[in-house]
Novice: 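Pasting a structure here, questions to come.
Treat the numbers as computed from the prediction; the structure is a model and nothing was measured. We name chains A, B, ... by the order of the sequence lines, and we start the count at 1 in each one.
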There are 2 protein chains.
Amino acid sequence: MSHTLGIRQAQKQKTRQALLDAALGLLEEQSLSSLGLREVTRAVGVAPTAFYRHFRSIADLGVALVDEALGSLHPMVRTTVSATRGIDERITRAVELIERHVATHPAHVRFIARERHGGVQPVREAVQAQLARFTDEVKTEVAKDPEAAGWSDEDLLMLAQLYVDQMLITSSLFLDALEESQEERERVAQVATRQLRLISIGRRHWLD
Amino acid sequence: MSHTLGIRQAQKQKTRQALLDAALGLLEEQSLSSLGLREVTRAVGVAPTAFYRHFRSIADLGVALVDEALGSLHPMVRTTVSATRGIDERITRAVELIERHVATHPAHVRFIARERHGGVQPVREAVQAQLARFTDEVKTEVAKDPEAAGWSDEDLLMLAQLYVDQMLITSSLFLDALEESQEERERVAQVATRQLRLISIGRRHWLD
DNA sequence: TCATCCAGTTAACAACTGTTCTCCGGAATT
DNA sequence: AATTCCGGAGAACAGTTGTTAACTGGATGA
């Protein structure tokens, strides 16, 4: 299935990726709505007009960045939330997985946290759409758990939302703790673990 | 105590407030890091150079906006979270209060949601500082509840954080629902209520 | 081999930005 | 009544921005 594309399209994708990478780097200390087209091309080393060969606008590039940051994350969610193993082990594993992902993709995490409520509408909508997909996936996974017997659809949805938001909050906290000490990171992990545990307990007694 | 200030300082505060209001309006469709000094003064109707009489920079104005948006909110928190009345009534009242606040101060809520993780460091830090104050207030209020007997300091903190984050998430959802139907707003209220109820249940069985 | 395609370049455009310095006129102080 | 103070205006600065048009040269396909 892997179609070997000509040296022409290969070069094009290469500079396209360079534009995305440069933009992501510049966005560590500003928001998308203040990112300039020339700023990005200058960082890559191409002419400003070359930008238009790949994106219609900065907002367009932003949407592409959203897909890059969240698109490849879906398989991870399924395997993590699924009801294998014990509860405590699952929680520990989930927190570890978040910490590792933040450590390996800090710029992506920062970008999503920043632009989720940012000033560029199409990007905001792209983030919301991806998060809605996540929520739905978590919901169907949660529904499989025997503990969810007798739960209404609305109850499942509110729990899934709670989990997704919790994941984002924890990611952001890990991100802030990245530049600090190892103890700080452990404290974040501890708090996140306890919060997930409390949610677990609430979940267990929901139908009382 | 109300010191009647001269007509000179009164005028100054008036234009200062006009700058803040204009900035807040412009920030509904962009982020602070892309807000221009001239843009703000133009909206107010004063010369660009007049800006420097009130703020050192746009970031400085942003910090002032954070204080305006969150500073006057502390008394509300205390009275809402405090352990008077029954649990369900308290939850309903809290959600109502959030909904009303978002409806009356949408621009402020949007600003905080946007700049909490935004591209301007001093503003980000100002938001974090105010939220830390909130968390601490919620924590001391939660600690007063008889249900919190035997809770460690770390447990109290993680619960307070959970409440504060939940408040922010709910605010943001209400904000999005403002431009939509009344049913949408009721659905947000319903989800938020259920989530708070689940947290309550988890809290009750925490020490099992 | 030759014509076509197309990613990237060059040059130029009007419009905009933050910041400095100098000045004005009315309020505040003596 | 005379003087100081100070919020705001005006003009000018070098530098930046997004977008257009026409062009170049190497890959592509007939």
Novice: Starting at CZ of F55(B) and ending at C1' of dG8(D), how long is that distance when rounded to a whole Å?
Specialist: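 One finds 15 Å between C1' of dG8(D) and CZ of F55(B), rounded.
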Novice: Using the closest heavy atom to pick a nucleotide of DNA chain C for each, name whichever of L35(B) or K12(A) lands nearer the 5' end.
Specialist: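 Result: K12(A).
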Novice: Roughly, in whole Å, what's the span from CZ in R42(B) to C1' in dG8(D)?
Specialist: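 So the two atoms are 18 Å apart, to the nearest Å.
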Novice: Between D165(A), L162(A), L159(A), L157(A), which is the residue that forms a side-chain contact (heavy atoms from CB on, under 4.5 Å) with T135(A)?
Specialist: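 With T135(A) as partner, D165(A), L162(A), L159(A), L157(A) yield a single side-chain contact (heavy atoms from CB on, under 4.5 Å), made by L157(A).
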Novice: Counting any heavy atom closer than 4.0 Å, what does S57(B) reach on the DNA or RNA strands: base, sugar-phosphate only, or nothing?
Specialist: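 The residue S57(B) makes no contact with any strand.
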Novice: Mind calculating the distance between CG (L37(B)) and P (dT17(D)) to the nearest angstrom?
Specialist: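 Atom-to-atom, L37(B) to dT17(D), this comes out as 18 Å.
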Novice: Could you tell me how far apart Q9(B) (CD) and dC5(D) (P) are, to the nearest whole angstrom?
Specialist: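 That distance rounds to 15 Å.
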Novice: Does E99(A) come within less than 4.0 Å of R185(A), counting only side-chain N to carboxylate O?
Specialist: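 Salt bridge: no.
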Novice: When the distance from CD of Q17(A) to P of dA7(C) is rounded to whole Å, what number comes out?
Specialist: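 From Q17(A) CD to dA7(C) P: 17 Å.
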Novice: Are E28(A) and R110(A) ion-paired here, with the side-chain N under 4.0 Å from a carboxylate O?
Specialist: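 Here E28(A) pairs with R110(A) in a salt bridge, since their nearest N and O are under 4.0 Å apart.
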Novice: Got a donor-acceptor contact below 3.5 angstrom from the Q195(B) side chain to the M158(A) backbone?
Specialist: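 Yes; judged by distance alone, with no hydrogens or angles, the pair exists.
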Novice: Looking only at the side chains, is there a donor atom on one of Q30(A) and E39(A) sitting less than 3.5 Å from an acceptor on the other?
Specialist: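 E39(A) and Q30(A) do have a side-chain donor-acceptor pair below 3.5 Å.
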Novice: Any side-chain donor paired with an acceptor under 3.5 Å for E68(A) and Q17(A)?
Specialist: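 The answer is yes; a qualifying pair exists.
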Novice: Contact class for R16(A) (heavy atom, under 4.0 Å): base, sugar-phosphate, or nothing?
Specialist: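 The residue R16(A) makes no contact with any strand.
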Novice: Taking the nucleotide of DNA chain C with the closest heavy atom to each, which residue, R8(B) or E39(B), is nearer the 5' end?
Specialist: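 Closer to the 5' end of DNA chain C: E39(B).
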Novice: Rounded to whole angstrom units, what separation is found between the CD atom of Q30(B) and the C1' atom of dC16(C)?
Specialist: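 Spelled out: CD on Q30(B) to C1' on dC16(C) is 14 Å.
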Novice: For DNA chain C, please output the secondary structure as dot-bracket, reading 5' to 3'. Pairs are Watson-Crick or G-U wobble, both atom distances under 3.5 Å; mark crossing pairs with [ ], other-strand partners with |, unpaired with a dot.
Specialist: ||.|||||||||.||||.||||||||||||
Novice: Quickly work out the F51(B) CZ to dT17(C) P distance and round it to whole Å.
Specialist: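 Taking CZ of F51(B) and P of dT17(C), I get 13 Å after rounding.
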Novice: What do the steps show when you test E96(B) against R93(B) for salt bridge (Lys or Arg N to Asp or Glu O under 4.0 Å), and what is the final call?
Specialist: CA-CA 5 Å; E96(B) 273 176 5; R93(B) 173 143 177 73; 5.1 Å; no
Novice: Can any side-chain N or O of R124(A) pair as donor or acceptor with the backbone N or O of H117(A) at less than 3.5 Å?
Specialist: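 No; judged by distance alone, with no hydrogens or angles, the pair does not exist.
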Novice: How does protein reach along nucleotides 9-14 of chain D, written 5' to 3' as B (base within reach of a heavy atom under 4.0 Å), S (only sugar-phosphate), or - (no contact)?
Specialist: BBBB--
Novice: How many Å lie between CZ on R56(A) and P on dT20(D), as a whole number?
Specialist: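 About 12 Å, once rounded to whole Å.
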Novice: Can you spot which of S34(B), S33(B), S31(B) makes a side-chain hydrogen bond (donor to acceptor under 3.5 Å, both in side chains) with S34(A)?
Specialist: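 Among S34(B), S33(B), S31(B), the one meeting side-chain hydrogen bond (donor to acceptor under 3.5 Å, both in side chains) with S34(A) is S33(B).
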